[in-house]
Amino acid sequence: MPAKVGDEDPTFWADAIAAQVEGPQVVNDSKTPSGTVHVGSLRGVVLHDAIRRALHDRGTEARFLYGVDDMDPMDAQAHLSGDAVAEWMGVPLFRVPAPEGSDAASYARHFVGRLFLSTFAPLGVAPETYWMSECYADGRMDPYIRLTLDRADRVRAIYLEVSRVAKANDWLAISVICQTCGRIGTTLATDWDGQTVAYVCRADLVEWAVGCGASGRVSPFGGRAKLKWNADWAAKWSLLGVTIEGCGKDLATAGGSRDRSDAIAREVFQREPPLDIPYEFLTIGGRKMSTSRGLGATAHQMTELMPPELLRFLFLRHKPRRALEFDPAGDAIPGLFDEFDRIASATAGQPVRGELPPAPERIFRMSLVQEDADPATEGARFRPPFRHLTLLVQVPGTDMEARFSAEKGEPLDALEDDILARRTVVARAWLDGFAPDRYLVAVRAALPVEAADLDAGQRAYLSALADAAQAERPAAGDVWQDLIFRTAQSLGTASGDAFTALYLAFLGRPNGPRAGWLLASLDAAFVGARLREAAAPTAAPVPATAG
RNA sequence: GGGCCGCUAGCUCAAUGGUAGAGCAGCUGACUCUUAAUCAGCUGGUUGAAGGUUCGAGUCCUUCGCGGCUCACCA
């Protein structure tokens, strides 16, 4: 049965949140498009989507909005070069041009509109998106600008009381766009007279941009100015009627941004702020993920690599306040597949080993891209174990479909073929770019020292195999495999010992991919020589140390 | 200086205040076309430390330690 109203389980965090609210809900999240968006930014997206789904499952009416703060000033140099830094730093993002080669209308439209928002649909996330530059330009923010300026002393008091930040007596929570140079990050506004504010575009207001020195008076309405971050946030809540909005821990700290915005919402806009869901970041090796650390950490790249349900699962399986350790270069990705498959099986009613997290079927269902998919049906699909796949893709000529059909016990259906194909791509990309060495199967150029562990029986076996290969000249993998077994039989060597001998001789490890196909992929003369070399009684030096 | 999160097996993590568990890794065994698969089993812990509350604490309270993030500049 497809998921339906009544499926919710309060032990799943999103259901617990949904149970706290009454009446129609507006879930909101937003993003400042100032730099490259890393995969951790998807946590907020998936989290809010999960809450929306949980509300839906409860029968609660809910919308999901996603805003782009493209009125914010450009403050990151990552994607600017040379002259562009001086020219565009401090300019509102909706006016900064897209990078060369992009036909997007602005920097913001390129990095967030094209690269980031395009990751949403594959993840099964479909919010109503809005652009703050438009909300300002069409005047919808004007009432909140007026309130903020009329109650400027109250706003300053909030900064002082909540965050112990003392603003100057004439400070206003607004940034105007300089009429001369077009920057918004470098202007300081004062003296609200009910119609206009005075401003100065200062060279030294912020470290990251240089203002032009112009000054004047300007009306702050109709897109000529933007509320400062905290007022802007609170104004959005009123404008859009937001009732639920989580935020990252950087904003959620006591006396931090969220507290200030909450206070502004209550005291300036007379509205209770939305329910907060503070959430933790993604970490690599205990450190906050950043695009400068490690490959493929951007949201765009990671959504191309990972199947979407796995990425959803990554964020949904743990509570929001838990930091997620996710190092693509470690065991995180294989581990994620393993755990996903286990929970999929459990959801399908199949027996699984070990204990399950609370509400596994909810986690699984929420991980599926299709909201109305039937979890039991999806969970029952055959999924090739990822670690096994990482091995098989390293053996030339492996017929994956045949291998996994055999493992499943019947032919894969079309959807299972898709899962296999997708995982195969992931396995290859992961091995190429991330995987620890121990996942890599490499035929050693010289006889591995580990071959010293071979016993007399194994050496005899390798010698006999070399003779047999010389006589029969096997070429195909299955012919090699047959020869491996026949030779073992004829010598009375246990097949396990035979395979171990081969792996040690070629890979320097006691196990590996299907030996016949492995040998078939190598040069025949090399194989013969290596077999005889490993078979020699003094085959390899004894390793200097045992440990 | 303030705040938040975390500290449980080698690693990643579970456990409405009620017998500390799992996955992966590791080890042992089984397996003739299966050989990093699959199957069976095993090892593995003073739950960061010390107090306190409780019949009972991984869980609640206090203090401390360690790690990380974060605010105090901007968004």
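All values reported here derive from a predicted model rather than from experimental measurement. Reminder, nothing fancy here: chain letters follow the sequence lines and each chain counts from 1.
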From CA spacing to verdict: side-chain contact (heavy atoms from CB on, under 4.5 Å), A/K31, A/V68: CA-CA 5 Å; A/K31 181 72 197 157; A/V68 184; 5.7 Å; no
side-chain contact (heavy atoms from CB on, under 4.5 Å) evaluation trace for A/R43 with A/E280: CA-CA 9 Å; A/R43 184 171 199 173; A/E280 268 278 1; 3.7 Å; yes
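Judged by the 6.0 Å and 45° rule, A/R260 forms no cation-pi pair with A/W229.
For the residue pair A/Y136/A/D70, the side-chain donor-acceptor check at 3.5 Å is not satisfied.
Counting non-hydrogen atoms under 4.0 angstrom, A/D72 reaches the backbone sugars and phosphates but no base. At the heavy-atom level, A/I484 lies nowhere under 4.0 Å from the strands shown. Note on A/S257: a base of the nucleic acid sits closer than 4.0 angstrom, heavy atoms only. Among the atoms of the strands shown, base atoms are found under 4.0 Å from some heavy atom of A/S495.
The phosphate of B/C74 (OP1 or OP2) has no side-chain N or O of A/K228 nearer than 4.0 angstrom. Phosphate proximity of B/A72 to A/R260: present, with a side-chain N or O under 4.0 Å from OP1 or OP2. For A/K167, a side-chain nitrogen or oxygen approaches OP1 or OP2 of B/C74 to under 4.0 Å.
For the atom pair CZ (A/R183) and OG1 (A/T186), the distance works out to 6.0 Å, reported to the nearest 0.5 Å.
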Could you run down the sub-3.5 Å N/O contacts of the protein with nucleotides 28-30 of chain B?
none

Check nucleotides 4-11 of chain B for protein N or O atoms closer than 3.5 Å to its own N or O atoms and list the pairs.
from	atom 1	to	atom 2	distance (Å)
B/C4	O3'	A/R321	NH2	3.2
B/C4	O2'	A/R321	NH2	3.3
B/C5	O2'	A/R321	O	3.4

Dot-bracket encoding per residue of RNA chain B, Watson-Crick/G-U cut-off under 3.5 Å, | denoting interstrand: (((((((..((((....[..)))).(((((.......))))).....(((((..]....))))))))))))....
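B/U46 and B/U34 have their P atoms separated by 45 Å, with the value rounded to a whole Å. Between the C1' atoms of B/C11 and B/G44, the separation comes to 13 Å (whole Å). Across B/G21 and B/G58, the matching P atoms stand 13 Å from one another, rounded to whole Å. The gap from the P atom of B/C61 to that of B/C5 amounts to 11 Å, rounded to the nearest Å. To the nearest whole angstrom, the two C1' atoms, one in B/A49 and one in B/C66, are 10 Å apart.
Atom CZ in A/R183 sits about 16 Å away from atom C1' in B/C74, given to the nearest Å. Rounded to whole Å, the distance from CG on A/D259 to P on B/G3 is 13 Å.
Under a cut-off of 6.0 angstrom, the local environment of CG in A/D204 is crowded, with over 12 non-hydrogen atoms contributed by other residues, nucleotides or ligands.
RNA chain B is contacted by both A/F404 and A/V206; A/F404 maps to the nucleotide lying nearer its 5′ end (nearest heavy atom per residue). Nearer the 5' end of RNA chain B, as judged by each residue's closest nucleotide, is the contact made by A/H318, out of A/H318 and A/Q489.
Residue A/F485 and nucleotide B/C33 are classified as a stacked aromatic pair, their ring centres being separated by less than 5.5 Å at an interplanar angle below 30°.
Note on ring orientation: taking the six-membered ring where Trp is involved, the planes of A/F111 and A/Y107 are tilted (angle from 30° to 60°). Ring-plane geometry between A/Y279 and A/H48 is classed as perpendicular, the angle between the planes exceeding 60 degrees on a 0 to 90 degree scale with a lower cut at 30.
Between A/L389 and A/F337 there is no side-chain heavy-atom pair separated by less than 4.5 Å.
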